[in-house]
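First up is the structure itself, then whatever we jot down about it.
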Number of protein chains: 2
Amino acid sequence: MSRTKDTNPIPSVWTREQRRTDQPALSRDAIVREAIAMLDADGIEALSMRKLGARLNAGATSLYRHVATKDELMELAVDEVAAEIHVPPAGGPDWRAAVTEAAGSFRTTALRHPWLTLVLGQAGLAYLGPNYMNFSERLAALFTAAGFPEPNRAIDAVFSYVIGMSTTEAAWLTTVARSGESESEFVARLLPAARQASAGYDHLAAAEPETSAQAGDPAKLRDDKFAYGLEVVLDGLALRLPK
Amino acid sequence: MSRTKDTNPIPSVWTREQRRTDQPALSRDAIVREAIAMLDADGIEALSMRKLGARLNAGATSLYRHVATKDELMELAVDEVAAEIHVPPAGGPDWRAAVTEAAGSFRTTALRHPWLTLVLGQAGLAYLGPNYMNFSERLAALFTAAGFPEPNRAIDAVFSYVIGMSTTEAAWLTTVARSGESESEFVARLLPAARQASAGYDHLAAAEPETSAQAGDPAKLRDDKFAYGLEVVLDGLALRLPK
DNA sequence: CCTTCGATGCGCACACTGTACGCAGGAGGG
DNA sequence: CCCTCCTGCGTACAGTGTGCGCATCGAAGG
C-alpha cells in the first residue's frame, strides 16, 4: 500500500518557495480593495473569485477565509464605495445647495463605479453597512435641520430620483464603454438606428431634433438633464417645507 | 471497422417516439413566455437555458435556433413585459391624473416582475423594443399634450423617480421573498438588527419610531411613500408648465 | 527546547453555467 | 426520386461559485 511509486517531484523545504511577505498578506480589506479595482476596470461580469485570487497571488478559495460568499464581497464593496459620497454637514444656511451637493456626489460616485447601482438593485441589505449608515445619518440630519417634519419621505423622494437617473446613466455609460468608442462617436453611430426605430412614432420623431440639436457634448447634456430633474424635485419639496 | 458490436438498442422508427405536435412547437414567443414565467416564479438567478429548455420539452441548445443569446432573450422578456404598462391617451383634461396612472402602472409592473429593473439597469438598449418604443411614444404624447415645451426633460424627471423607487422596492421584495416569510414577519424579524445598526446615529434613531409606528401594513406604507414622492415631482413640474 | 493549536492558504472536486459545433431527421420543392 | 433548408439535439469546452480536507505556519504553553 505504501509502496506505490511516487513519480512526482519530492516536496521539500528547499524546492518549496518561500512564503512571500513582501506582498501584503491576504486580508478582507485588501480583497475588497482589489475587487473594486477589477469591477471599475472591467465591469461586473469580469469579476470572478479565481481572477480576483490570481490578482492577489492567491488561490480562489483562499478568499473564503476572509469573505463568506461572493455576494457578501459585493456588499462589502458597495459599502466601501459608499464612503466616497460626500454629504455636507447639517445646519448650513442653504439646504438646497447642500442637498444638491449630496445628490451630485452620489451621482458621480455611481458613475465612477457603474456596478454600484446594479448591486444596489440586487443586494439584500447593503444598506446596513457602516458607511452607508453614515451616509443615511448625515442625510437625515441635513433634512431634519432643513425643517422637514418627515425627513425620510423627503429623502426617499430625492434619492429615488437620484438613484433612478444614475442607474440609467450608468447603464448607458457601460454600453458605451463596451463599444470601445467615445460617447460622441457612439451617439453618432447610434443615431441612424434610433431615427429609424422612431420612424412612425409621431411624438418621438418630433422630439428628436430637440435632443440631437446640441449634440456637441453628451456629457454636458447629461449633467444638465440631471440638474433639471433635481431642481424639479427640490421645488416640489420646498412647497412642503413649513415656513 | 464496421463490424464493431453495437450493444445499444437498435434505433428504429417504432422505438423512436413520435414527434409530439401536441406541445406547441418551439418558437420565439413560446420561449419568451416561458422564460418570463420562470423569472417571475423563481427570480433572475434561477433562469438557466437548460432549465428553460427542459420546461419546453427541449434541449438547452435548441433554444439558440430562435434566440441568439441569453442576453437577447432577456431583452425580449423586458420588451414583452413592457406591454403591460398602461399609459392613458393624451389630451385628457387632467394630465396629473394621467401621469399618475402611467407611473403607477409602471410601478406595479416592475413589482410584478421584480427582475425587470435589474435588466433595465444592465441592458442599456432594451429601449429599442417595439413595446418599449410604444410606451415612450405614448408618454411623449401625454406630456406634449399637457403643454410641456420640453417633454423629454419632464419625462426623464418623473420616470427617473419612478424607476429609482421601483428598483428599491423590487430589491426589497426580492429579499423578503427569499426569506420565505411575509413582509410583516420579515420586518418584525429585521427590526432588532436595524435598531442595533442605527444605534449611535442620532437622526436615524430619531426617525425610527416615525417609521415603525404604523408598522401595521408595510405594503400600504410603500404605496403611500411612492405616492408622496410622485406628488412632489409633479408639483415641481407643474411650476414649469407655461400657463 | 519540544509540542500543541488555531489560523491561513491551497488543490481538488462537484455541480452548474452559456454556448459553439456538427449531425440527424423531417418538410417542401424540383 | 433527390436535394436543400430548417429545426432540434448530443457532445464538448471553458468557465463559474464554493465545500472539503490537507499542509503549513506563527504563537503559545509546557
Side-chain angles (χ1 to χ4, degrees), chain A residues 6 8-31 34-35 38-39 42-77 115 119 122-123, chain B residues 6 8-32 34-35 38-39 42-77 115 119 122-123 178:
Chain A
D6 188 1
N8 291 334
I10 301 146
S12 128
V13 207
W14 311 114
T15 61
R16 186 167 46 247
E17 61 177 331
Q18 198 93 0
R19 163 178 290 269
R20 51 187 149 290
T21 46
D22 49 344
Q23 289 297 87
L26 221 48
S27 77
R28 171 178 284 207
D29 280 346
I31 292 173
E34 198 66 28
M38 291 186 65
L39 286 167
D42 300 320
I44 200 170
E45 75 278 1
L47 177 67
S48 81
M49 297 304 270
R50 276 174 245 261
K51 288 181 201 153
L52 179 55
R55 280 251 231 170
L56 293 159
N57 295 339
T61 62
S62 307
L63 308 174
Y64 284 89
R65 293 285 171 190
H66 306 266
V67 152
T69 177
K70 192 189 181 186
D71 286 351
E72 182 185 300
L73 171 60
M74 297 304 285
E75 297 200 13
L76 290 171
W115 44 272
V119 184
Q122 210 166 19
Chain B
D6 189 0
N8 290 336
I10 301 145
S12 127
V13 208
W14 312 114
T15 61
R16 187 167 45 248
E17 61 177 332
Q18 198 93 1
R19 163 180 291 267
R20 50 186 150 288
T21 47
D22 48 346
Q23 291 297 87
L26 222 47
S27 80
R28 172 179 282 207
D29 281 345
I31 292 173
V32 173
E34 199 67 27
M38 290 185 66
L39 287 167
D42 301 320
I44 201 170
E45 77 276 2
L47 178 68
S48 82
M49 298 304 268
R50 276 174 244 263
K51 287 180 201 155
L52 178 56
R55 279 251 231 170
L56 292 159
N57 295 339
T61 62
S62 307
L63 307 173
Y64 285 88
R65 293 286 169 190
H66 306 267
V67 153
T69 178
K70 193 190 180 186
D71 287 351
E72 182 185 300
L73 171 59
M74 296 303 284
E75 298 199 13
L76 290 172
W115 44 272
V119 184
Q122 212 166 18
R178 263 201 289 265

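Both backbone and side-chain heavy atoms feed into the values below; hydrogens, waters and symmetry mates do not. Throughout, a chain's letter reflects where its sequence line sits, starting with A, and its residues are numbered from 1. What you see is a predicted model, and the numbers here were worked out from it, not measured in a lab.
Spacing between atom CE of A:Met74 and atom P of D:dG17 amounts to 11 Å, rounded to whole angstrom units. Atom CG in B:Leu52 sits roughly 11 Å away from atom P in C:dT17 (whole-Å rounding). Here the P atom of nucleotide C:dA27 and the CG atom of B:Leu26 are 16 Å apart, to the nearest Å. Distance, A:Leu73 CG to D:dG17 C1': 12 Å, rounded to whole Å. Rounded to whole angstrom, the span from the CG atom of A:Leu56 across to the C1' atom of C:dC10 amounts to 14 Å. Distance A:Arg28 CZ to C:dG9 P: 13 Å, rounded to the nearest Å. Rounded to an integer number of Å, the gap from A:Glu45 CD to D:dG15 C1' is 14 Å.
Scanning all heavy atoms of the two residues, the minimum distance from A:Thr69 to A:Tyr64 falls at CA-CE2, 4.0 Å. When all heavy atoms of B:Ala46 and B:Met38 are compared, the closest pair comes out as O-CE, 4.1 Å. In this structure, A:His66 and A:Ser27 approach most closely via the heavy-atom pair ND1-CA, 3.9 Å. The two residues A:Ala58 and A:Leu26 make their nearest non-hydrogen contact at CB-CD2, 3.8 Å.
Between B:Ser48 and C:dT17 there is a side-chain polar atom (N or O) within less than 4.0 angstrom of OP1 or OP2. The side chain of A:Lys51 places an N or O atom within less than 4.0 Å of a non-bridging phosphate oxygen (OP1 or OP2) of D:dT16. Here A:His66 does not reach the OP1 or OP2 of C:dA7: none of its side-chain N or O atoms lies under 4.0 Å away.
Using a 4.5 Å heavy-atom cutoff, the side chains of A:Leu63 and A:Leu73 are not in contact.
One finds the CG atom of B:Leu76 at 9.5 Å from the CD1 atom of B:Ile31 (value rounded to the nearest 0.5 Å). To the nearest 0.5 angstrom, B:Asp42 atom CG is 9.5 Å from B:Leu47 atom CG.
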Could you list all N or O pairs between the protein and nucleotides 18-21 of chain D that sit under 3.5 Å apart?
from   : atom 1 : to      : atom 2 : distance (Å)
D:dT18 : OP1    : A:Thr69 : OG1    : 2.6
D:dT18 : OP2    : A:Tyr64 : OH     : 2.5
D:dT18 : OP2    : A:Thr69 : OG1    : 3.4
D:dT18 : OP2    : A:Lys70 : N      : 2.8
D:dT18 : O5'    : A:Tyr64 : OH     : 3.3
D:dG21 : O6     : A:Arg65 : NH2    : 3.3

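Nucleic acid contact class of A:Leu63 (heavy atoms, under 4.0 Å, all strands): none.
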